[in-house]
Amino acid sequence: MSVDAATVRRIAQLARIAVAESEITHLQGELNAMLAFVEQLSEVDVDGVEPMTSVTPMEMKKRRDQVNDGEIADDIVRNAPATESHFFLVPKVVE
């Protein structure tokens, strides 16, 4: 895939980047080099390679899934102007 000068201008416009006309050729070369590198990556044989989540083997920390109130309901509503049974009371705004 190759990027032309018009595409560079369009990318700059979409990214809201001010690009001088003298920089278009340089940016065109850089974008084409990046795309060539991405094309090289598609040539790598990855059959039989499992996806990784990290470069070091590790397991996610797990905790029991149990329902609780967090045991801090009183702390949460302490500064509220009006509460009832650990709920915030607010004025009615819709009739």
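Just so you know, residue 1 is the first one in the sequence shown, and it goes up from there. Side chains are part of it too, since the values below use all heavy atoms of this structure and drop only hydrogens, waters and symmetry mates.
- For the atom pair CG of D4 and CZ of R9, the computed distance is 8.5 Å after rounding to the nearest 0.5 Å.
- The CD1 atom of I24 sits 8.5 Å away from atom CD of Q28, with the distance rounded to the nearest 0.5 Å.
- For the side-chain contact (heavy atoms from CB on, under 4.5 Å) with I11, the lone residue among V8, L14, T7 that qualifies is T7.
- Across all their heavy atoms, G70 and N68 have their closest contact at N-OD1, 3.1 Å.
- Residues F37 and V3 are members of separate hydrophobic clusters, defined by side-chain heavy-atom contacts under 4.5 angstrom among Ile, Leu, Val, Met, Phe, Trp and Tyr.
- Within a 6.0 Å radius of CD in E71, other residues, nucleotides and ligands contribute 12 heavy atoms or fewer.
- With sequence neighbours left out, I17 forms a side-chain contact (heavy atoms from CB on, under 4.5 Å) with A15, V19.
- Within the structure, every pair that satisfies the salt bridge (Lys or Arg N to Asp or Glu O under 4.0 Å) test and touches residues 76-91, not counting sequence neighbours, is listed here: D75-R78.
- Annotation for A18 and E23: closest pair O-OE1, 4.5 Å, computed over non-hydrogen atoms.
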Hey, mind stepping through F87 and V77 against side-chain contact (heavy atoms from CB on, under 4.5 Å) and telling me if it holds? CA-CA 7 Å; F87 292 101; V77 297; over 6 Å; no
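- Going from atom CG of L31 over to atom NE2 of H26 covers 9.5 Å, rounded to the nearest 0.5 Å.
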T83/L89 under side-chain contact (heavy atoms from CB on, under 4.5 Å): CA gap, chis, key distance, verdict: CA-CA 5 Å; T83 63; L89 291 178; 5.6 Å; no
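- Distance check, rounded to the nearest 0.5 Å: OG of S54 to CD of E59 gives 12.5 Å.
- For the side chain to side chain donor-acceptor pair (under 3.5 Å) test, no residue two or more places apart in sequence or in another chain qualifies with N32.
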